[in-house]
Amino acid sequence: MAGEPAESGTARAVSTVEVETALAVLPGPRSASSSESGAEADGAGRFEAAWARALELVAGADEIDLVCHICPDGDALGSALAAGLALRGLGKRVRVSFGDDPQVIPESLSFLPGQELIVPAAAVPAAPALVLAFDAASEERLGLLREKAFAADELVVFDHHASNPGFGTVRLIDPAAPATAVLVDELLRRLRVPLDQSIAACLYTGIATDTGSFKYRATTPATHEMAGRMLATGIRQDLISRQLWDTTSFGYLKVLAGALERAAFEPEEAGGHGLVWTWVPYQDLALFGVTVEEIEGLIDVLRKPAEADVALVLKQDPDGTLRGSCRSRGAVDVAAVCARLGGGGHVYAAGFSAREAVQTVVERFRAALAEVAAAAEADGEGPGAR
C-alpha cells in the first residue's frame, strides 16, 4: 500500500507561531468566531489551548510513545500508525503499542503501513516522557498500558467518543468528529507534515471504518473532503475496502451461521423498539480457527432486521470474558446503555465487557435498555432528536 510521498521535501518541525499563522487558510473549526456565544467561544478557546500545548510537547520531545485501545479497530490502529509515521518523518523516535498480551492485529488490518513501529506493551517504558493516546474512550481501554500511560510526564489524549470522561494531561476530545483519524489529520496539518500514501492509507482506514464506509450519520461534507485528500495521494481505496469488509476465512462463515442460529428477537425490549441479540462461544472460534477480532463485523449483519432498533453481539474470550458490541438505529442511546455496564462509546455504536454468564449479562443489558428508554421518554426525546 505504501508509495512515494505525494509531496517532495523533508518534513520539519515548525514553531507554534508559524502554525497558528497558517491556520487561517485551512478549513475546519480552529478558533472561536465573533458570532459564537460566550460559552462556545470559551470552549473553543480551551480546545485551541490544548492544541497549542500538544504541539509544544511534540516539538520538544525526542522520544514519543503512541498507544491505542485494546483490540484495536481501524480507527485506533490507523490513527496511531499514521501519527507514528508522521512523527518518525520529523526525526522523532517513536514506539506504537496497545495493551493486549498477546497483541493480535486483525487480518483485515494486516495491510496497514507502519507496523514495523509496533512494539509489545512490555517494551513501553514504565514512565515514558510523552504518551499520545488514540481512540481510547476511557483509561480502562488502555489495558496493560494504563499504568504506564498515567506514569508519563505528559499524556495527550486524542479521541472522539462522547462518553470519554476526560483523562490525560492534555485532552483533544471532539465528539463531533466522526473518527479519531480526523484529529490525527488535524495534528499532521498543524505540524505541516505532507501526506504520503502510507500515512493516507492509515487515515483513510480510520475514517472509513468508523463511518461504516461513510454510511453513518456522523459522516459530513468535511469527512468526504478528507477522504478525497487521502485518495489524491494515489492509495487504492478499492483494495482497502475489499480487505476491510469483503474478505474473511471460510471458518468465519461457519461461526456466523452458528451466531445467526442462536439469534433472538425480543420486540418488547428497548422500550418497545425491539432488541435482536446473539452470542459467540469461544468453542466455536476454536473449532473453526477464528479469532475474536475476525468477527467484529458480525454486529453489522445482526443489526439489519428492520423490526429491532438495538442489536447486541456477545463474543466470548478464552478466559470467559464477554465482549459486547451494540448498535442502534437511533431510538435508543446505546452509549448510555453500555455506560451502565461499565462500557461506553457513541449514541449509535458502543460496547462493554463482562465476566458473567451470558443470560446474566443479557438480563443486565435489558434492564439498562429499559432505564435508558424510560429516561428518553421522560425527556421527550431520543438520539435522533438531538
Side-chain angles (χ1 to χ4, degrees), residues 68-77 98-110 135-138 140-141 143-144 209-210 212 244-245 247-266 275-305 308 310-328 334-335 337-346 348-366 368-369:
C68 61
H69 66 66
I70 56 176
C71 305
D73 57 11
D75 190 26
L77 193 60
F98 53 96
D100 289 314
D101 185 19
Q103 291 177 332
V104 177
I105 296 174
E107 183 63 28
S108 62
L109 301 179
S110 62
D135 206 43
S138 66
E140 289 77 18
R141 293 285 285 161
L144 297 175
T209 52
D210 259 31
L244 290 175
W245 293 288
T247 302
T248 70
S249 66
F250 180 74
Y252 168 79
L253 297 181
K254 303 295 284 185
V255 172
L256 174 62
L260 295 180
E261 180 65 26
R262 283 185 291 272
F265 170 49
E266 301 176 359
L275 164 68
V276 59
W277 69 275
T278 191
W279 75 291
V280 179
Y282 177 70
Q283 289 83 350
D284 278 14
L285 301 178
L287 177 62
F288 297 110
V290 175
T291 66
V292 172
E293 290 74 23
E294 192 176 348
I295 62 170
E296 285 299 313
L298 198 157
I299 184 67
D300 294 316
V301 178
L302 196 71
R303 67 187 298 197
K304 290 186 177 182
V310 178
L312 169 69
V313 174
L314 297 174
K315 298 153 290 186
Q316 190 178 51
D317 283 339
D319 64 359
T321 298
L322 292 171
R323 303 187 199 178
S325 293
C326 189
R327 298 290 186 271
S328 169
V334 290
V337 174
C338 290
R340 285 166 165 77
L341 299 175
H346 306 287
Y348 302 100
F352 63 92
S353 297
R355 292 292 302 273
E356 297 168 297
V358 171
Q359 287 300 330
T360 301
V361 173
V362 174
E363 288 172 6
R364 290 179 56 212
F365 187 81
R366 291 190 191 107
L369 269 178

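Counting from 1, the numbers follow the sequence of the chain as shown. No hydrogens, no waters, no symmetry mates; every other heavy atom, side chains included, goes into these values.
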Quick check: closest heavy atoms across [X] and [Y], and the distance to 0.1 Å?
{"X": "Ala76", "Y": "Cys68", "value": "O-CB, 3.6 Å"}
{"X": "Leu77", "Y": "Pro72", "value": "CB-CB, 4.1 Å"}
{"X": "Gly344", "Y": "Cys338", "value": "N-CB, 3.9 Å"}
{"X": "Gly320", "Y": "Arg355", "value": "C-NE, 4.3 Å"}

**Asked** Which residues pass the salt bridge (Lys or Arg N to Asp or Glu O under 4.0 Å) test with Asp100, sequence neighbours left out?
**Response**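 In terms of salt bridge (Lys or Arg N to Asp or Glu O under 4.0 Å), with neighbours along the sequence ignored, Asp100 is linked to no residue.
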**Item:** Partner residues of Glu266 under the salt bridge (Lys or Arg N to Asp or Glu O under 4.0 Å) criterion, sequence neighbours left out
**Value:**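 Once residues adjacent in sequence are excluded, the partners of Glu266 under the salt bridge (Lys or Arg N to Asp or Glu O under 4.0 Å) criterion are Arg366.
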Distance (rounded to the nearest 0.5 Å) between [X] [atom1] and [Y] [atom2]:
{"X": "Asp73", "Y": "Ser108", "atom1": "CG", "atom2": "OG", "value": "9.5 Å"}
{"X": "Glu140", "Y": "His69", "atom1": "CD", "atom2": "NE2", "value": "14.0 Å"}
{"X": "Leu109", "Y": "Thr209", "atom1": "CG", "atom2": "OG1", "value": "7.5 Å"}
{"X": "Leu369", "Y": "Arg340", "atom1": "CG", "atom2": "CZ", "value": "10.0 Å"}
{"X": "Cys71", "Y": "Arg141", "atom1": "SG", "atom2": "CZ", "value": "7.0 Å"}

**Request:** With the side chain counted from C-beta on, respond yes when Val334 and Leu312 share a heavy-atom pair under 4.5 Å apart, and no when they do not.
**Result:**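 Val334 does not reach Leu312 side chain to side chain.
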**Asked** Listed by chain and number, what are the side chain to side chain donor-acceptor pair (under 3.5 Å) partners of Asp317, not counting sequence neighbours?
**Response**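 For Asp317, the residues satisfying side chain to side chain donor-acceptor pair (under 3.5 Å) (neighbours in sequence not counted) are Arg323.
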**Request:** With sequence neighbours left out, write down each residue that passes side chain to side chain donor-acceptor pair (under 3.5 Å) with Thr278, or none if nothing qualifies.
**Result:**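 For Thr278 there are no side chain to side chain donor-acceptor pair (under 3.5 Å) partners, ignoring immediate neighbours.
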Using distance only, find each side-chain donor-acceptor pair of residues 285-301 under 3.5 Å and give its atom names and separation, not counting sequence neighbours.
unit_1, atom_1, unit_2, atom_2, d
Thr291, OG1, Glu294, N, 3.1
Glu294, OE2, Ser249, N, 3.3
Glu294, OE2, Ser249, OG, 2.6
Glu296, OE2, Lys315, NZ, 3.2

**Prompt:** Under 3.5 Å, side chain of Gln316 to main-chain N/O of Tyr282, donor-acceptor pair present?
**Reply:**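 A pair under 3.5 Å: yes.
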**Prompt:** When you measure from the side chain of Gln103 to the backbone N and O of Phe98, does any donor-acceptor pair fall under 3.5 Å?
**Reply:**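 Checking the backbone N and O of Phe98 against the side chain of Gln103, a donor-acceptor pair under 3.5 Å is found.
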Tabulate below the donor-acceptor pairs under 3.5 Å that side-chain atoms of residues 358-365 make, not counting sequence neighbours, or state none.
unit_1, atom_1, unit_2, atom_2, d
Arg364, NH1, Glu356, OE1, 2.5

